[in-house]
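Throughout, numbering of the chain's residues begins at 1 and tracks the sequence. It should be emphasised that the depicted structure is a prediction, and the values quoted were computed from it without experimental measurement.
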Amino acid sequence: MASNSSPTSIRQQVGVCEVAFDDLFITNAVPSQVQASCLRYRSSMIARQLAFLADCAARLTEEDRAHRSALSPVRRLPLEVLGEIFKLVVPSFLNASDREMMGNMGRVCQRWRDALLNASSLWRGIILGPCLCPAQDTVGAVRRHEEDYKKLVTWFGRSGGCRKGLIYSSVDLHCRCDDGSLCKAVHPIVSRLINEGPKLVHLTLQLSGASCFRNLLAALRAEPGGSPPDPLASLGSFSLEFVDDSPLMWDDGPDPTSSVFNLLPPVPALGIFLPLRESAFDDELASLECPIHIPPTILAPLVSLAIRWDWEGRGLLDVLEQCIALDSFTLDLARSEPFDGDVPPAPLELRVLTSFKLVKGGVRILDFLRTPALTSLDLELSVDRAATVDMSDRLDGFLRASEILGKLRFLRICELVGGPGIISFILPPLASLRHLVLDSSTACGYYFGQASTGHVIAPMRRYFPELRQVELLNLRRSRHVLTHEMQYFRRRGSAGMCMITVSYADEPKVSEAELQSRLRSTRDSGSRLSIRVVESVDYDEERALTL
């Protein structure tokens with residue numbers, strides 16, 4: 001059956017539809033069947049055009065991205081600047097996984113590889129773990145040691161003239177060679193690096209006990225053909241750390257002539273981390289019977305000393321008494337108070353000490369010291385609220401007794417404890433203080449004392465005329481943060497420019513699901529408790545709405 005609609009009539013209808021579309025777009029008129037078909041056809045055409053244009057836009061966007069990438073300013077960064085960026089990412093001493101990461105960074109592109117090779121200091125420090133070979137004298141073990149040694153020498157070679165350092169840790173094996181068994185701390189690669197490798201400026205040994213240190217030094221010096229020179233004599237700094245976390249009785253006897261510390265190298269910078277007394281002695285007071293004997297020839301020339309000490313008695317003071325040239329001193333008390341209850345002897349004066357850092361300890365040690373040349377004081381405390389209350393008086397007494405109120409330039413105090421959230425800490429006038437750091441995760445603010453005299457016409461005394469930087473770190477969030485502090489430092493601080501830096505602690509957040517899980521784990525048969533978490537309420541805003 002022939003159609004009654006010719007092409008001409010269809011075009012006419014379409015034309016009519018096109019003309020009538022304007023009315024459809026601006027009214028609520030219902031389109032006719034022909035108009036609806038035409039609209040659907042045009043809509044599909046528009047959709048295809050949009051898809052085509054979107055594909056073109058995507059291709060052009062990708063091409064534009066490639067062009068912009070080629071013009072990126074990062075590509076024009078000098079290799080020296082790129083190397084400085086890498087120094088912020090890569091640690092100073094690299095273990096096996098860190099060295100693998102740095103190798104992967106060098107495979108990103110040629111410029112990254114060139115920047116890494118150009119940054120000599122990135123290659124200066126290595127961390128080695130213990131040898132895990134079942135037997136070190138087999139053909140396979142010797143071959144692996146030879147290959148690893150060559151790789152490490154090549155790695156150090158890329159550091160050029162930088163000061164090279166090695167950290168060796170064998171504590172993962174928990175060596176117990178004090179009973180005469182084979183020492184697991186002896187590592188043929190470490191011995192060869194120290195004896196034959198590039199000159200090391202720093203060496204750290206992390207060992208389980210004193211016997212490991214003796215055996216390791218015996219392996220270093222076990223060379224045929226007579227007695228070799230001391231392989232550690234050329235070091236600039238040395239650290240001996242007894243850090244095994246499993247209990248191991250201290251096996252260095254009371255005889256000074258046979259003490260393991262006689263084997264320490266004569267270096268200007270020394271670190272000694274004694275084992276914790278709770279793991280080294282059956283009775284913690286037994287540490288009184290094991291004094292530390294370090295030869296005066298080792299202590300007298302020391303410029304820098306870092307030591308971990310939680311043993312009882314005044315042995316630490318006996319050690320410090322021989323450090324006549326000490327300039328920098330770091331003391332880790334491992335959250336103990338070895339001097340608690342002792343009658344303070346005459347304070348020990350460290351005449352040339354300029355920097356003192358206390359780690360994980362109380363401030364009682366300050367009662368035993370006088371430091372007339374001190375310019376930097378760093379106190380990372382382990383104290384309670386009662387000790388915090390006394391902190392101002394103790395610090396003031398130490399500063400005045402040492403006569404450094406006009407000399408101290410840097411002061412950092414961490415982990416003071418206050419309540420509820422406000423820590424009262426009165427500082428004496430410090431005429432030369434330039435940098436003050438207070439860091440406490442329990443504080444939402446500090447009270448430094450009266451900000452003004454109460455008399456408008458009274459002259460205002462500046463307690464810190466040279467202060468240029470104040471850091472208040474890890475504060476708890478509060479509406480009144482810095483209210484008092486800003487007023488105090490404006491009136492009592494420096495008359496010149498002074499920057500106040502604030503950081504906030506990450507407060508723990510517990511979800512409703514976690515709380516419900518805790519409730520289920522503690523619920524008894526008679527409990528009818530339930531928990532829900534709601535949004536916090538701004539009470540000041542609520543009051544404003546209801547007034």
With the side chain counted from C-beta on, respond yes when Leu152 and Leu128 share a heavy-atom pair under 4.5 Å apart, and no when they do not.
yes
Taking atom CZ of Arg113 as the centre, report whether more than 12 heavy atoms of other residues, nucleotides or ligands fall under 6.0 Å from it.
no
Heavy-atom donor-acceptor pair, Tyr168 side chain to Leu203 backbone, under 3.5 Å:
no
Between Leu166 and Leu193, which heavy-atom pair has the shortest distance, and what is it?
CD2-CD1, 4.4 Å
Intermediate values then yes/no, side chain to side chain contact (heavy atoms under 4.5 Å, CB included), Thr371 and Phe329:
CA-CA 11 Å; Thr371 55; Phe329 177 41; over 6 Å; no
Please evaluate residues Arg385 and Thr442 with respect to the criterion side chain to side chain contact (heavy atoms under 4.5 Å, CB included), reporting the C-alpha separation (whole Å), side-chain torsions for both, the decisive distance (0.1 Å), and the verdict.
CA-CA 11 Å; Arg385 185 176 175 183; Thr442 65; over 6 Å; no
Under a 4.5 Å cut-off applied to non-hydrogen side-chain atoms, are Ser97 and Met101 in contact?
no
Only one of Leu276, Leu274, Thr330 passes side chain to side chain contact (heavy atoms under 4.5 Å, CB included) with Arg308, and that residue is Leu276
Can you find a pair of side-chain heavy atoms, one from Cys131 and one from His145, that are under 4.5 Å apart?
yes
Is there a donor-acceptor pair closer than 3.5 Å between any side-chain N or O of Ser237 and the backbone N or O of Ala269?
no
Check: Leu436 and Leu430 side chains under 4.5 Å, non-hydrogen atoms:
no
Taking 4.0 angstrom as the limit, do Lys360 and Glu415 come out as a salt bridge?
no
Heavy-atom donor-acceptor pair, Trp123 side chain to Leu116 backbone, under 3.5 Å
yes
Nearest 0.5 Å, please: how far is CZ in Arg143 from CD in Glu147?
7.5 Å
About how many Å separate CZ of Phe448 and CD1 of Ile423, when rounded to the nearest 0.5 Å?
9.5 Å
Can you tell me how far CG of Leu379 sits from CG of Leu438, rounded to the nearest 0.5 angstrom?
10.5 Å
When you compare the side chains of Asn474 and Ser441, does any donor N or O come within less than 3.5 Å of an acceptor on the partner?
no
Student check: side-chain heavy atoms of Val363 and Leu381 closer than 4.5 Å
yes
Measure the spacing between CD1 of Ile127 and CD1 of Ile167 and express it to the nearest 0.5 Å.
4.5 Å
Could you tell me which non-hydrogen atom of Ser191 sits nearest to which non-hydrogen atom of Ala219, and how far apart they are?
OG-CB, 4.1 Å
From Leu353 CG over to Thr375 OG1, what is the distance, rounded to the nearest 0.5 angstrom?
9.0 Å
Can you check whether Asp114's main-chain N or O pairs, donor with acceptor, with Asn118's side chain at less than 3.5 Å?
no
Mind running side chain to side chain contact (heavy atoms under 4.5 Å, CB included) on Ser170 and His187 for me, showing each step along the way?
CA-CA 9 Å; Ser170 68; His187 196 315; over 6 Å; no
Can you check whether Gly361's main-chain N or O pairs, donor with acceptor, with Arg335's side chain at less than 3.5 Å?
no
Tell me, do Leu395 and Leu427 make a side-chain contact under 4.5 Å, heavy atoms counted?
yes
Using every non-hydrogen atom in the two residues, find where Pro198 and Val153 come nearest and quote the distance to one decimal.
CD-CG2, 4.4 Å
Salt bridge or not for Arg59 and Glu62, using N-O below 4.0 Å?
no
Output for pair (Asp64 CG, Ser69 OG), nearest 0.5 Å, gives 11.0 Å
Using side chain to side chain contact (heavy atoms under 4.5 Å, CB included) as the criterion, point out the one residue from Thr204, Leu200, Leu205, Val201 that pairs with Phe238.
Leu205
Atom CZ of Arg409 with >12 non-hydrogen neighbours under 6.0 angstrom:
no
Which pair of non-hydrogen atoms, one from Leu82 and one from Ala115, has the smallest distance, and what is that distance?
CD2-CB, 3.8 Å
Are Ser382 and Leu333 close enough that some pair of their side-chain heavy atoms sits under 4.5 Å apart?
no
Within a reach of under 6.0 Å around NZ of Lys151, are more than 12 heavy atoms found that belong to other residues, nucleotides or ligands?
no
Under 6.0 Å from the CD atom of Glu146, do we count more than 12 heavy atoms belonging to anything else shown?
yes
Arg144 with Asp148: basic N within carboxylate O range, under 4.0 Å:
no
Using modelled atom types and a 3.5 Å cut-off, is there a donor and acceptor pairing between side-chain atoms of Arg76 and backbone atoms of Leu71?
yes
Closer than 3.5 angstrom, by distance alone: can the side chain of Glu485 be matched with the main-chain N or O of Tyr446 as a donor-acceptor pair?
yes
pair Met391-Val383: side-chain heavy atoms closer than 4.5 Å:
no
Worked verdict on Val190 versus Ile194 for side chain to side chain contact (heavy atoms under 4.5 Å, CB included):
CA-CA 6 Å; Val190 173; Ile194 297 174; 3.9 Å; yes
Heavy atoms of Tyr447 and Ile426 approach each other most closely as O-CD1, 4.0 Å
Shortest non-hydrogen contact from Glu466 to Ala431?
CG-O, 3.2 Å
Would you confirm whether Arg99, through its side chain, and Leu94, through its main-chain N or O, come within 3.5 Å as a donor-acceptor pair?
yes
Determine whether a donor-acceptor pair (N or O, by modelled atom type, separation under 3.5 Å) exists between the side chain of Asn195 and the backbone of Leu220.
yes
Do the side chain of Ser43 and the main chain of Leu39 share a donor and acceptor less than 3.5 angstrom apart?
no
